[in-house]
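Proteins come first, then strands; the chains are lettered A, B, ... in the order of their sequence lines, and each starts at number 1. This structure is a prediction, so every number in the text was calculated from the model and none was measured.
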Protein chains: 2
Amino acid sequence: MTSPVKQPVTAADKTFYQLRLDIVEGEITAGSKLSETELSTKYGVSRAVIREAINRLESCHIVERKANVGARVVALTADGLLALYQVRESLEGMAARLAAKNMTDGEINELEALLNSHFKDVKQGESYYQEAGDVDFHYRIILGSKNKHLIAMLFDGIYHLVRMYRVQLGMAGPRVTTAFDEHKHIVQAIANRDEELAEMLMRRHIMYSKNNIHSKLS
Amino acid sequence: MTSPVKQPVTAADKTFYQLRLDIVEGEITAGSKLSETELSTKYGVSRAVIREAINRLESCHIVERKANVGARVVALTADGLLALYQVRESLEGMAARLAAKNMTDGEINELEALLNSHFKDVKQGESYYQEAGDVDFHYRIILGSKNKHLIAMLFDGIYHLVRMYRVQLGMAGPRVTTAFDEHKHIVQAIANRDEELAEMLMRRHIMYSKNNIHSKLS
DNA sequence: ATTAACATTTTTGTCGACAATATAGCCGTT
DNA sequence: AACGGCTATATTGTCGACAAAAATGTTAAT
């Protein structure tokens with residue numbers, strides 16, 4: 001299988017990834033203006049590649065641009081986070097449904113193995129599960145949907161924005177113990193090829209996550 | 001209310017809209033290669049603006065680009081259409097749910113009025129309902145969700161692709177008579193603020209549409 | 001005849017400069 | 001002092017040219 005994370009080949013690619021990283025990780029602060037000339041000197045490339053990178057960031061809804069004025073990093077608001085999670089609930093719910101339909105038995109076995117390894121970590125009190133494990137879990141289910149559009153929307157769009165909120169509003173990772181059980185039930189539904197249940201459980205899982213985060217904001 | 005269809009201001013904007021139109025309407029045939037120099041002479045603009053237009057088309061998944069090779073218009077396949085409708089079912093279902101929650105009473109009244117005017121047209125055997133009416137109906141519900149991401153994904157992404165399939169695979173418009181009843185029930189659910197039902201009916205409505213189209217393909 | 005390597009040509013990627021537009025500051029008027 | 005218009009300045013939009021990479025065509029060797 002070809003890795004879904006394609007590595008940059010052109011300068012505009014590299015600049016795009018770097019710029020996105022710097023924004024998501026908060027080095028370039030939310031709401032700030034993106035000056036093309038300034039960035040071109042900072043990243044050591046021409047204005048043309050900066051423009052292309054900014055255009056792509058605009059398509060991801062990470063920056064907003066006004067014609068003849070310039071681009072700004074999006075502002076982070078509670079409403080924005082809510083809207084994001086509404087979309088995520090919808091798309092990942094569908095992803096779980098399609099995964100129950102389209103994942104191979106081998107892929108499901110791998111998913112179960114992944115979950116077992118997480119279980120051991122959680123039991124030992126390790127924090128590994130906190131970030132990468134959760135992402136990996138959702139990652140595989142989304143890929144398991146085998147739906148190109150779904151995969152692109154979530155990986156290229158939603159996930160970076162969600163991470164941006166997580167990092168910059170200083171939220172902790174996913175709720176470790178309870179989330180693990182939810183993951184377990186989702187995998188069970190997928191293994192049983194129960195599309196309806198898989199979607200429903202995934203949606204509830206994300207709703208819980210949303211409520212958890214929303215409570216920390218207000 | 002400010003119109004959600006923003007008009008082009010810069011040359012790159014205009015070229016992007018024109019190019020998208022030419023592709024969706026089939027003047028530039030699906031699967032064909034997009035030569036930057038060729039297009040720049042054809043549209044009478046510099047290669048830079050063509051490049052920007054192509055980049056934006058790539059973000060919409062209307063063209064695919066390989067680094068150092070070029071861009072091609074996407075190929076239309078039955079699987080691709082299926083994937084599209086899966087996403088559409090998910091997103092528009094959520095849009096209906098959110099519309100039931102967030103639309104104002106005034107907006108709902110307008111929606112009902114729109115449906116009534118369609119009803120008269122359908123009764124008189126007019127074909128107005130065929131295309132624009134259906135689009136307008138879905139349009140308003142999506143806007144009624146008040147969710148920025150949802151609106152952008154559907155309007156900028158999915159809808160143009162769906163139309164591209166419709167036009168180029170020579171499908172007729174929506175199923176007039178039965179679809180009308182489905183629309184009516186969806187509006188009823190929204191007027192009753194029944195989020196659950198609104199989502200479910202919208203999903204079924206799109207599923208029927210998918211099945212209708214899929215049967216014509218095979 | 002097929003293949004491999006090389007040279008040629010075409011196409012994309014990148015750059016710096018110019019043109020057009022918006023922003024900011026200044027001046028004069030009321 | 002406040003407001004309106006004007007000028008200056010800075011930033012974005014567009015262009016043509018150069019560099020780099022891939023595709024094509026040609027030649028030579030097996």
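Annotation: side chain of A:Val187 is in contact with side chain of A:Phe137 (closest heavy-atom distance under 4.5 Å).
At D:dT12, one or more side-chain N or O atoms of A:Lys33 fall inside 4.0 Å of OP1 or OP2 (strictly under the cut-off).
Straight-line distance from the NZ atom of A:Lys66 to the P atom of D:dT11: 16 Å, rounded to whole Å. If you measure from atom CD of B:Glu52 to atom C1' of D:dC15, you get 14 Å, rounded to the nearest angstrom. As a whole-Å value, the separation of A:Glu38 CD from D:dT11 P is 9 Å. In this structure, CG of B:Asn68 is placed 15 Å from P of D:dT24, rounded to the nearest angstrom. Taking atom CZ of B:Arg47 as the reference point, atom C1' of D:dC15 lies 11 Å away to the nearest angstrom. Nucleotide D:dT12 holds its C1' atom 10 Å from the CD1 atom of A:Ile54, rounded to whole Å.
A salt bridge does not link B:Asp79 to A:Lys148: none of the charged nitrogens lies less than 4.0 Å from a carboxylate oxygen.
Within 4.0 Å of A:Leu34, counting heavy atoms only, lie sugar-phosphate atoms of the nucleic acid but no base atom. Nucleic acid contact class of A:Ala48 (heavy atoms, under 4.0 Å, all strands): base.
For the salt bridge (charged side-chain N to carboxylate O under 4.0 Å, His left out) with B:Arg203, the qualifying choice from B:Glu182, B:Glu92, B:Glu89 is B:Glu89, the only one to do so.
Looking only at distances, a side-chain donor or acceptor of A:Asn102 sits under 3.5 Å from a matching main-chain atom of A:Ser145.
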